[in-house]
**Q** 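Before anything else, here's the structure in question.
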Amino acid sequence: MEYSGLGERQTTAILESVYRNARMAYKSTDEILSRCRSREFYGELEKERERYKTVAARARRELARLGAHAYEAPLGVRAMVKTGIAMKTAKNRDTGYLAEIMYKGTNNGVIDMQRVLNRSRRAEPEIRESAEKLLDREREFCENLRKYL
């Protein structure tokens, strides 16, 4: 089914949110991995990082299909996140603390994507369904992070 107008804009908004959040999560996870001392936690994060890479690539392809561009979060936001992680972990690299940082960041991404989904009722059903599954996976990741807190 072809979508145009409002439905296409809403579909694009979902995909942009998915892409932006997946790229931010990938880069944030990379920062946390460089400070991680626990093999078990490292393995969990590495698996998530690769999933974020896959999700971002899929969203980029879908955006291209719609003739839209994939934009990352603004440079200033990315720099603040990187600097924030560096500052927060300068003296504390305990697994529980790293898990807390990831937990908070993941929840922020869930909130952003849920907002976009709530405003995008006319988006392509397949894209909405895919984004809902991604949200479920992110919530599951948060549950997994709890054991490290």
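Position 1 is the first residue of the sequence; numbering continues from there. Remember, it's a predicted structure, so these values are computed and weren't measured experimentally.
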**Q** Going from CD on Gln114 to CG on Leu117, what distance comes out if it is rounded to the nearest 0.5 angstrom?
**A**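 The CG atom of Leu117 is 5.5 Å from CD of Gln114, to the nearest 0.5 Å.
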
**Q** If every non-hydrogen atom of Met113 is compared with every non-hydrogen atom of Ser17, which pair is closest and at what distance?
**A** CG-OG, 3.3 Å

**Q** Walk me through it: do Lys133 and Asp136 pass the test salt bridge (Lys or Arg N to Asp or Glu O under 4.0 Å)?
**A** CA-CA 5 Å; Lys133 286 180 184 176; Asp136 289 342; over 6 Å; no

**Q** With side-chain contact (heavy atoms from CB on, under 4.5 Å) as the test, would you mind laying out the steps for Met24 and Glu72 before giving the verdict?
**A** CA-CA 8 Å; Met24 183 66 78; Glu72 292 193 37; over 6 Å; no

**Q** First locate atom CZ of Arg60, then atom CG of Leu15, and finally report the distance between them rounded to the nearest 0.5 Å.
**A** 12.5 Å

**Q** Do the side chains of Glu129 and Glu126 get nearer than 4.5 Å, heavy atoms only?
**A** no

**Q** Which heavy atom in Ile85 sits nearest to a heavy atom in Thr89, and how many Å separate them?
**A**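 Looks like O-OG1, 2.6 Å.
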
**Q** Hey, what do you get for OG1 (Thr106) to CG (Asn21), rounding to the nearest 0.5 Å?
**A**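 Between atom OG1 of Thr106 and atom CG of Asn21 there are 10.0 Å.
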
**Q** Quick test of your reading of the model: are Glu100 and Lys88 salt-bridged, counting only N-O distances below 4.0 Å?
**A**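 Between Lys88 and Glu100 there is no salt bridge, as every charged N stays at least 4.0 Å from the carboxylate O atoms.
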
**Q** Can Ile32 be reached from Val77 by stepping across I, L, V, M, F, W or Y side chains whose heavy atoms are under 4.5 Å apart?
**A** yes

**Q** Taking atom CZ of Arg115 as the centre, report whether more than 12 heavy atoms of other residues, nucleotides or ligands fall under 6.0 Å from it.
**A**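 It does not: Arg115 CZ has 12 such atoms or fewer within range.
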
**Q** Can you confirm whether Thr95 sits close enough to Glu40 that some side-chain heavy atom of one is under 4.5 Å from a side-chain heavy atom of the other?
**A**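 The answer is no; the side chains never approach within 4.5 Å.
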
**Q** Taking all non-hydrogen atoms of both residues, which atom of Leu145 and which atom of Ala99 are closest, and how far apart?
**A**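 Closest approach of Leu145 to Ala99: O-CB, 4.0 Å.
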
**Q** Write down the atom of Tyr42, the atom of Cys36, and the distance for their closest heavy-atom approach.
**A** N-SG, 3.6 Å

**Q** Taking all non-hydrogen atoms of both residues into account, name the closest pair between Ala123 and Gln10 and its distance.
**A**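 Result for this residue pair: N-OE1, 3.4 Å.
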
**Q** Answer yes when Arg35 and Glu31 have at least one side-chain N-carboxylate O distance shorter than 4.0 Å, and no when they do not.
**A** yes

**Q** If we ignore hydrogens and angles and just use 3.5 Å, is the side chain of Arg49 paired with the main-chain N or O of Asp30 as donor and acceptor?
**A** no

**Q** Are Arg51 and Leu134 close enough, and set up right, to give a side-chain contact (heavy atoms from CB on, under 4.5 Å), and what steps lead you there?
**A** CA-CA 10 Å; Arg51 190 178 62 80; Leu134 176 59; 3.3 Å; yes

**Q** In terms of hydrophobic clusters joined by side-chain contacts under 4.5 Å, are Phe141 and Leu135 together?
**A**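 They do not share one cluster, since no chain of ILVMFWY contacts under 4.5 Å joins Phe141 to Leu135.
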
**Q** Find out if a path of hydrophobic residues (ILVMFWY) with successive side-chain heavy-atom gaps under 4.5 Å connects Tyr103 to Tyr26.
**A** yes

**Q** Does Arg37 reach the side chain of Arg93, with side-chain heavy atoms less than 4.5 Å apart?
**A** yes

**Q** Check the pair Tyr148, Met102 against side-chain contact (heavy atoms from CB on, under 4.5 Å), reporting the backbone distance first and the verdict last.
**A** CA-CA 11 Å; Tyr148 298 102; Met102 287 300 299; over 6 Å; no

**Q** What distance do Leu63 atom CG and Thr12 atom OG1 have between them, rounded to the nearest 0.5 Å?
**A** 6.5 Å

**Q** Quick one: are Glu124 and Leu66 in side-chain contact, heavy atoms under 4.5 Å?
**A** yes

**Q** Can you name the nearest heavy-atom pair linking Gly96 to Leu149, along with the distance?
**A**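 That would be O-CD2, 3.8 Å.
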
**Q** Please tell me whether Tyr52 and Val81 are part of a single hydrophobic cluster in this structure, the criterion being side-chain heavy atoms less than 4.5 Å apart.
**A**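 Looking at the clustering, Val81 is in the same group as Tyr52.
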
**Q** How far apart are the C-alpha atoms of Arg9 and Arg122, what are their side-chain angles, what is the distance that settles it, and do they pass the side-chain contact (heavy atoms from CB on, under 4.5 Å) test?
**A** CA-CA 9 Å; Arg9 284 192 305 273; Arg122 296 186 62 194; over 6 Å; no

**Q** Looking at OG1 of Thr11 and CD1 of Ile127, how far apart are the two atoms once the value is rounded to the nearest 0.5 Å?
**A** 6.5 Å

**Q** So for atom NZ, which belongs to Lys147, do other residues, nucleotides or ligands contribute more than 12 heavy atoms lying within a distance under 6.0 Å?
**A**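 Yes.
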
**Q** Could you go through Glu140 and Asn144, starting from their C-alpha distance and side-chain angles, then the distance that decides it, and tell me whether this counts as side chain to side chain donor-acceptor pair (under 3.5 Å)?
**A** CA-CA 6 Å; Glu140 184 181 309; Asn144 291 344; 4.7 Å; no

**Q** Roughly how far apart are Ser28 OG and Arg23 CZ, rounded to 0.5 Å?
**A**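 Rounded to the nearest 0.5 Å, the OG-CZ separation comes out at 11.0 Å.
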
**Q** Can you confirm whether Lys53 is buried at NZ, in the sense that more than 12 heavy atoms of other residues, nucleotides or ligands lie under 6.0 Å from that atom?
**A** no

